[in-house]
Amino acid sequence: MKKIRIGFAPTRRSIFSAPDAIKYADLTRKRLRELNVEFVDITDINEEGLFYDEADREKIEEKFRKENVKGVFFPHTNFGTEYVCARLARDLNVPVLLWGPRDERPDENGIRLRDSQCGLFATGKVLRRFQVPFTYMNNCRLEDPEFERGLMDFLAVCNVVDVFRHTRILQIAPRPFDFWSTMCNEGELLEKFNIQLSPIPMPELTAQMKEVKDKEPDEIKQVLDYCRSHYCIKVRPKELEQVAILKIAMRKLADKYGCNAAAIQCWNALQDEIGIMPCAANSLLDEEGLPVVCETDIHGAITSLLVEAAAMDDTRSFFADWTVRHPDNENGELLQHCGPWPISVAQEKPTIGYPLAFDHPGAVEAKAKLGDMTIARFDGDNGEYSLLLGNAKGIEGPYTKGTYVWIEVENLKRLEAKLVEGPYIHHCVGIHKDVVPVLYESCKYLGVTPDFYDPIEENVKAYLRGE
């Protein structure tokens with residue numbers, strides 16, 4: 001699982017017990033190490049290793065920036081000093097986790113040593129005044145299961161935010177003319193979210209493919225060997241070679257332009273230029289962790305990055321069409337595409353062959369694994385952006401061409417209306433993992449509105465509260 005480094009800044013207030021604050025800060029450090037959490041400490045900043053003095057704030061900020069922390073954790077080991085936490089959080093501009101260890105019973109003289117919960121109330125209010133979004137983890141004990149769960153979810157939120165803020169998408173050719181639904185506002189994505197596009201024309205792709213063919217015979221052979229080991233091959237050798245060449249060329253272009261995802265025109269001009277569908281090449285790159293989506297759907301590429309980041313990059317996603325309703329299940333729907341899904345999604349050995357609607361070879365055919373899934377879609381229009389998200393489960397259904405899976409949701413009619421009424425389209429991204437709570441919590445840092453297609457928001461909030 002991907003490692004995320006966070007800043008660790010346990011805080012105290014002067015009128016409460018400093019020795020107990022030090023004790024609980026050390027206990028928290030110990031628990032983080034037990035959980036293999038990578039953190040940057042402040043024990044070199046002052047003797048106590050605690051954050052309460054404004055004079056230490058700039059030194060802590062400098063250290064956290066130098067160590068490139070992706071989030072900051074403020075354990076309130078007693079009441080805490082809310083204003084220094086708020087100032088540091090605002091300047092760092094990374095996700096913030098608030099938590100305090102549950103207080104003991106008062107002693108025989110009625111003395112309370114820490115009042116950690118009370119301090120959390122204060123810090124939450126001050127962070128709001130500073131307009132700093134934050135994540136709150138239930139006031140629990142270090143050994144409680146909600147501590148580990150909340151911490152791991154926070155690390156995933158940090159990963160989502162970091163990936164979103166550093167996204168650059170390789171756009172291979174303009175969108176197909178017929179796909180007005182996949183148009184996007186490049187300037188607005190940059191202005192609002194710092195999401196950058198690297199557009200290249202089709203001739204740049206074909207030139208890169210020619211260079212690969214001429215100069216990379218060993219790399220081509222490696223990809224061909226991989227394909228023959230992991231797929232059933234029903235295309236001619238020269239066509240499979242084109243798949244390998246395209247895969248290598250897209251990876252090289254993504255690396256050249258510093259991109260973490262790609263969106264390719266995929267039809268119809270591309271097939272005429274290179275003689276194959278790009279689906280199998282997309283599948284290969286998807287399996288490596290470089291999402292490549294179809295029909296130049298930039299918002300779809302962003303969605304793929306979000307859901308995989310929420311899964312801490314240990315599970316591959318699949319880019320799909322909402323297509324047709326299940327013939328027998330009133331809440332069933334077919335998720336399908338010509339064949340770009342990564343092989344780890346499949347429940348059977350995939351085939352590289354011919355797609356349903358096109359004459360050119362190079363698509364993948366496989367039925368996806370069933371089980372529980374998250375379905376999501378980042379989209380927007382008229383200056384407003386939201387993230388559609390919810391749960392689904394894979395169900396049995398009729399065979400169809402391409403990469404596909406039948407799913408069931410709570411209320412398909414409600415979902416259908418939401419898709420038609422927008423701002424969404426017929427594209428979505430699925431992943432075989434429940435990352436809905438992480439995506440929901442991430443939205444507060446992304447400036448994106450979470451939008452559930454089933455009424456599960458209260459359940460998600462309860463989960464995040466540790467219930």
Side-chain angles (χ1 to χ4, degrees), residues 179 181-182 266 277 279 282-283 286 293-295 297 299-300 303-304 307 311 315-351 353-358 363-379 386-436 439 451-457 459-460:
F179 272 74
S181 57
T182 62
C266 77
M277 296 287 291
C279 310
N282 295 0
S283 171
D286 286 345
V293 303
C294 315
E295 289 127 10
D297 182 2
H299 293 168
T303 311
S304 298
V307 300
T315 307
R316 301 277 72 88
S317 64
F318 57 94
F319 177 78
D321 280 357
W322 302 99
T323 53
V324 298
R325 295 181 64 172
H326 195 286
D328 307 310
N329 187 323
E330 285 301 299
N331 291 309
E333 176 78 11
L334 175 65
L335 297 184
Q336 186 268 350
H337 225 270
C338 298
W341 297 1
I343 60 172
S344 57
V345 167
Q347 65 169 277
E348 57 195 11
K349 191 172 185 179
T351 296
Y354 285 77
L356 173 65
F358 298 93
V364 175
E365 184 173 343
K367 180 180 179 181
K369 293 179 288 190
L370 304 184
D372 295 332
M373 308 174 196
T374 295
I375 309 295
R377 171 72 188 183
F378 170 87
D379 218 323
S386 57
L387 181 65
L388 182 69
L389 68 163
N391 299 113
K393 64 178 181 180
I395 59 174
E396 294 296 339
Y399 162 76
T400 189
K401 294 281 285 183
T403 42
Y404 74 97
V405 64
W406 293 92
I407 63 165
E408 182 181 44
V409 297
E410 183 179 306
N411 187 324
L412 185 63
K413 291 180 180 178
R414 181 170 56 213
L415 170 58
E416 181 181 305
K418 187 174 281 290
L419 292 173
V420 173
E421 293 167 1
Y424 312 107
I425 64 170
H426 61 293
H427 287 167
C428 67
V429 174
I431 192 166
H432 286 84
K433 196 169 185 177
D434 184 4
V435 294
V436 168
L439 290 171
D451 187 8
F452 293 101
Y453 55 75
D454 286 327
I456 60 172
E457 185 169 14
N459 293 336
V460 171

Taking [Y]'s backbone N and O only, do any of them form a donor-acceptor pair with [X]'s side chain (distance below 3.5 Å, no angle check)?
{"X": "Ser283", "Y": "Cys279", "answer": "no"}
{"X": "His326", "Y": "Glu396", "answer": "yes"}
{"X": "Thr374", "Y": "Val435", "answer": "yes"}
{"X": "Glu348", "Y": "Lys367", "answer": "yes"}
{"X": "Glu333", "Y": "Thr323", "answer": "yes"}
{"X": "Lys433", "Y": "Ser317", "answer": "no"}

Point-to-point distance, once rounded to the nearest 0.5 Å, from [atom1] of [X] to [atom2] of [Y]:
{"X": "Phe452", "Y": "Arg414", "atom1": "CZ", "atom2": "CZ", "value": "12.5 Å"}
{"X": "Leu388", "Y": "Leu439", "atom1": "CG", "atom2": "CG", "value": "11.0 Å"}
{"X": "Arg325", "Y": "Glu416", "atom1": "CZ", "atom2": "CD", "value": "6.0 Å"}
{"X": "Leu387", "Y": "Asp451", "atom1": "CG", "atom2": "CG", "value": "8.5 Å"}
{"X": "Ile375", "Y": "Leu335", "atom1": "CD1", "atom2": "CG", "value": "5.0 Å"}
{"X": "Thr403", "Y": "Glu365", "atom1": "OG1", "atom2": "CD", "value": "9.0 Å"}

Kindly determine whether Trp406 and Val324 satisfy side chain to side chain contact (heavy atoms under 4.5 Å, CB included), including the steps that lead there. CA-CA 10 Å; Trp406 293 92; Val324 298; 4.0 Å; yes

Would you call the rings of Tyr453 and Trp322 parallel, tilted or perpendicular, taking 30° and 60° as the class edges? perpendicular

Should the ring pair His337 and Phe319 be called parallel, tilted or perpendicular, given that the plane angle runs from 0 to 90° and is split at 30 and 60? tilted

Residues that Lys393 engages under side chain to side chain contact (heavy atoms under 4.5 Å, CB included), provided they are two or more places apart: Asp372, Ile395, Glu408

Ignoring hydrogens and geometry beyond distance, is a side-chain donor-acceptor pair present between Asp454 and Asn391 at under 3.5 Å? no

Please identify each residue that fulfils ring-ring contact (aromatic ring centres under 6.0 Å, His included) with Phe318, with sequence neighbours left out. Trp341, His432

Test log, rule side chain to side chain contact (heavy atoms under 4.5 Å, CB included), inputs Met373 and Val405: CA-CA 11 Å; Met373 308 174 196; Val405 64; 3.8 Å; yes

